J.: 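One structure, as structure tokens, below. Some questions next.
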Amino acid sequence: VYTYTILIRSLGNIGRLDAVMKLFESMTAQRCQPNLFTYHSVMHALGSAGRVAEACEVFELMLQRGQQPDAVTYNIIIDALGKTGELEKAFDYVRKSHSFTNEVTYNSLLSSLGRKGDIKGLMELFGQMKARGLVSNELTYAILIERLGWAGRVEDVWKLYLEMVENDVKYDIVTINNVLDCLSKAGRIEAAFELFQDMKVKGLSPDTVTYNILVNGLGRVGKLDAAGALLLEMEENGCPPNIITYNTLISSYGKWSNLIAAARLFDEMKDKGVAPNVVSYSCLIEGFGKAGKTDTALSMFNEMKAQGCPPNHVTYNLMINCLIRAGRFGAAMDYLREMRDSGCQMG
RNA sequence: GGAUCGAACCCUCCAU
């Protein structure tokens with residue numbers, strides 16, 4: 001049974017669901033009784049693959065065979081249902097599991113509610129969790145901060161951050177990056193930099209993502225020199241810029257009509273061995289388009305195709321917009337047709 | 001006494 005369980009878990013982790021199910025069935029055939037861990041592994045594998053209905057069937061099968069579920073069993077099912085958005089069913093299981101609900105259950109539910117954008121439900125559930133005296137673990141805050149960040153709720157994110165620090169809840173660089181991103185997208189760049197200094201004092205090292213977020217924040221408010229300086233600084237601090245760093249800066253330069261800097265950076269990234277992707281080209285096309293340099297935008301559009309980087313629906317939208325702005329409706333229609341024929345989504 | 005299948009929950013940054 002142990003051997004089977006280990007095998008099933010490993011196969012599940014690498015996504016070999018077919019093999020998992022085969023093993024599980026062959027256990028039954030050999031009258032080898034699966035234990036609780038075996039059921040968990042199978043259910044978890046099914047759930048991760050989005051095959052929740054089958055996971056529920058395994059759950060029922062387990063009950064029929066007289067195996068009692070525990071908190072983990074329910075949490076696996078509840079988490080799987082939440083991830084496919086079947087929250088009503090997830091709550092059904094919460095009711096069934098009653099005495100088993102713990103902080104992990106809440107984390108799963110919070111995560112799913114947040115993914116759906118149900119901020120009200122999110123906050124209510126968090127309140128309920130506190131009221132029940134459940135200890136929020138480090139993931140609770142991580143989840144809340146991230147999901148509230150998606151909704152642009154800066155105030156709430158900031159409050160939670162302070163609460164987390166005050167309660168000595170552990171946090172990692174990802175959570176801090178989420179807070180920073182939220183601040184920086186809200187234009188609160190000073191606050192973001194304060195936190196940036198603060199995290200260093202607390203011994204948390206910024207990573208490339210941290211810098212990317214700050215570069216983006218500076219770029220959005222037009223502080224292009226500071227953003228450019230940060231590019232150099234991150235390199236010195238052992239955080240090599242990646243394609244996202246370059247794309248972020250190229251986009252900012254383009255948005256603020258600094259096309260020379262945008263083009264220079266585009267060349268620089270290639271020199272450094274970072275291959276431009278569809279976003280890089282799109283940012284340039286957007287920049288040139290907004291500046292009325294329609295022909296330059298067109299030549300970038302052709303260049304990317306020649307470089308084996310097919311435009312996607314965003315690129316087409318930008319290109320078509322640019323042509324319309326220039327009054328070149330015929331060409332715009334041509335690209336619209338090309339877009340449709342190329343089979344890319346219309347976005 | 002310790003070690004052993006001991007399992008479930010977040011994962012961040014770029015373009016329209």
Side-chain angles (χ1 to χ4, degrees), chain A residues 1-10 12-13 34-45 47-48 69-80 82-83 100 102-112 114-115 136-147 149-150 171-182 184-185 206-217 219-220 239 241-252 254-255 262 276-287 289-290 311-322 346-347:
Chain A
V1 183
Y2 294 162
T3 319
Y4 272 115
T5 305
I6 296 168
L7 264 173
I8 287 178
R9 218 186 53 236
S10 325
N13 286 341
N35 66 18
L36 193 57
F37 294 117
T38 323
Y39 287 114
H40 287 171
S41 303
V42 173
M43 284 163 46
H44 189 231
S48 308
D70 69 359
V72 176
T73 325
Y74 280 106
N75 285 340
I76 291 173
I77 292 289
I78 290 165
D79 185 58
K83 283 196 173 126
F100 284 135
N102 58 17
E103 67 278 6
V104 175
T105 325
Y106 276 95
N107 286 345
S108 289
L109 292 169
L110 288 171
S111 171
S112 310
R115 191 175 289 126
S136 333
N137 60 20
E138 58 267 33
L139 287 187
T140 312
Y141 282 97
I143 293 166
L144 283 168
I145 286 176
E146 187 190 342
R147 303 302 199 236
W150 289 354
Y171 51 86
D172 62 5
I173 184 71
V174 174
T175 301
I176 293 299
N177 285 344
N178 276 319
V179 178
L180 283 171
D181 189 43
C182 186
S184 122
K185 286 207 169 114
D207 62 7
T208 296
V209 175
T210 315
Y211 281 104
N212 288 348
I213 289 166
L214 294 172
V215 167
N216 192 14
R220 278 165 186 266
C239 298
N242 59 16
I243 185 152
I244 295 185
T245 323
Y246 287 112
N247 290 347
T248 305
L249 256 178
I250 290 173
S251 167
S252 300
K255 283 201 175 109
N277 64 11
V278 60
V279 178
S280 324
Y281 282 105
S282 300
C283 292
L284 278 176
I285 289 168
E286 184 188 9
K290 286 214 168 109
N312 63 14
H313 70 275
V314 177
T315 325
Y316 275 108
N317 281 337
L318 289 165
M319 194 63 247
I320 291 167
N321 258 317
C322 164
M346 297 298 264

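Below, chains carry the letters A, B, ... as their sequence lines are ordered, and counting in each starts from 1. Here the structure is a predicted model, which is why all the values come from computation and not from measurement.
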J.: Please report the distance, rounded to the nearest Å, between CG in A/L110 and P in B/A8.
T.: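 Taking atom P of B/A8 as the reference, CG of A/L110 is at 19 Å.
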J.: So which nucleotide from B/A15, B/C13, B/C10 ends up closest to the side chain of A/N312?
T.: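 Side chain of A/N312 sits closest to B/A15.
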J.: Would you mind classifying the nucleic acid contact of A/D70 as base, sugar-phosphate or nothing, using non-hydrogen atoms under 4.0 angstrom?
T.: base
J.: Would you mind classifying the nucleic acid contact of A/S251 as base, sugar-phosphate or nothing, using non-hydrogen atoms under 4.0 angstrom?
T.: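 Sugar-phosphate, backbone atoms only, no base.
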J.: Between P on B/C10 and CZ on A/R147, what's the gap in Å once rounded to a whole number?
T.: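 From A/R147 CZ to B/C10 P: 8 Å.
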J.: From the options B/A15, B/C10, B/C5, select the nucleotide whose nearest atom is closest to the side chain of A/R9.
T.: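 Ranking B/A15, B/C10, B/C5 by closest atom to the A/R9 side chain puts B/C5 first.
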J.: Indicate whether the side chain of A/N177 and that of A/N212 have a donor and an acceptor atom separated by less than 3.5 Å.
T.: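 Judged by distance alone, the side chains do not pair up.
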J.: Which of the following nucleotides, B/A7, B/C10, B/C13, is nearest to the side chain of A/I143?
T.: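 The answer is B/C10.
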J.: Would you kindly check whether a donor in the side chain of A/N178 faces an acceptor in the base of B/U12, or vice versa, at under 3.5 angstrom?
T.: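 By the distance-only test, no, there is no pair.
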J.: For A/N277, answer base if it contacts any base atom (sugar-phosphate contacts may also be present), sugar-phosphate if it contacts only those atoms, and nothing otherwise; contact means non-hydrogen atoms under 4.0 Å.
T.: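 Result for A/N277 = nothing.
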J.: Please tell me whether A/N242 and A/T245 have a donor and an acceptor in their side chains that are separated by less than 3.5 angstrom.
T.: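 Looking only at side-chain atoms, A/T245 and A/N242 do form a donor-acceptor pair, the distance falling under 3.5 Å.
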J.: Which is true for A/K83 with a 4.0 Å heavy-atom rule: it touches a base, it touches only sugar-phosphate, or it touches nothing?
T.: sugar-phosphate
J.: In whole angstrom, give me the gap between the P atoms of B/A8 and B/U4.
T.: 16 Å
J.: Can you tell me the distance, in whole Å, between the OH atom of A/Y211 and the C1' atom of B/C14?
T.: 19 Å
J.: Give me the distance, rounded to whole Å, that separates B/A7 from B/A3 when you measure between the P atoms they each carry.
T.: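 Those two atoms are separated by 13 Å.
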J.: Phosphate oxygens OP1/OP2 of B/C11: is one of them under 4.0 Å from a side-chain N or O of A/R115?
T.: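 The answer is yes; a side-chain N or O of A/R115 sits under 4.0 Å from OP1 or OP2.
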J.: Rounding to an integer number of Å, can you tell me how far A/F100 CZ sits from B/A8 P?
T.: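 About 17 Å, once rounded to whole Å.
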J.: Output the single nucleotide from B/C13, B/C10, B/A7 whose closest atom is nearest the side chain of A/V72.
T.: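 Selected nucleotide: B/A7.
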J.: Does A/S112 have any side-chain hydrogen bond (donor to acceptor under 3.5 Å, both in side chains) partners at least two apart in sequence or in another chain, and if so, which?
T.: none
J.: Working to the nearest 0.5 Å, report the span between OH of A/Y106 and CD1 of A/I78.
T.: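 Here the rounded value is 10.5 Å.
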J.: According to a strict under-4.0 Å criterion, is A/H44 in side-chain N/O contact with OP1 or OP2 of B/C9?
T.: yes
J.: Could you work out which one of B/C14, B/U16, B/U12 sits closest to the side chain of A/V279?
T.: B/C14
J.: Can you measure A/E286 atom CD to B/U16 atom C1' for me and round it to whole angstrom units?
T.: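 After rounding, the reported distance stands at 7 Å.
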J.: Please report the distance separating the C1' of B/C9 from the corresponding atom of B/C13, rounded so that it comes out in whole Å.
T.: 23 Å
J.: Determine: side-chain N/O of A/K255 to OP1/OP2 of B/U16, distance under 4.0 Å, yes or no.
T.: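 Answer yes for this pair, as a side-chain N or O of A/K255 is under 4.0 Å from OP1 or OP2.
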J.: Going by atom types only, do A/S280 and A/N277 share a side-chain donor-acceptor pair under 3.5 Å?
T.: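 Indeed, the side chains of A/S280 and A/N277 share at least one donor-acceptor pair under 3.5 Å.
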J.: Counting the atoms with a prime plus P, OP1 and OP2 as sugar-phosphate, which does A/L318 contact under 4.0 Å by heavy atoms, base, sugar-phosphate, or nothing?
T.: sugar-phosphate
J.: Looking for any heavy atom pair under 4.0 Å, which part of the strands does A/S282 touch: base, sugar-phosphate only, or nothing?
T.: base
J.: Specify the separation, in whole Å, of atom CG of A/N107 and atom P of B/C11.
T.: 11 Å
J.: Is it the case that the side chains of A/S10 and A/N13 hold a donor-acceptor pair, with the cut-off being a distance below 3.5 Å and no angle test?
T.: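 A/S10 and A/N13 do not have a side-chain donor-acceptor pair below 3.5 Å.
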J.: If we take the C1' atom in both B/G6 and B/G2, what is their distance in whole Å?
T.: 16 Å
J.: Return the value, rounded to whole Å, for the distance between atom CG of A/D207 and atom P of B/C11.
T.: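 So the two atoms are 17 Å apart, to the nearest Å.
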J.: Check A/V314, A/N247, A/T315 against A/V278 for a side-chain contact (heavy atoms from CB on, under 4.5 Å) and give me the one that passes.
T.: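 Only one option passes, and that is A/T315.
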J.: Rounding to a whole Å, what distance do you find between A/L139:CG and B/C10:C1'?
T.: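 Distance check: A/L139 CG to B/C10 C1' gives 5 Å.
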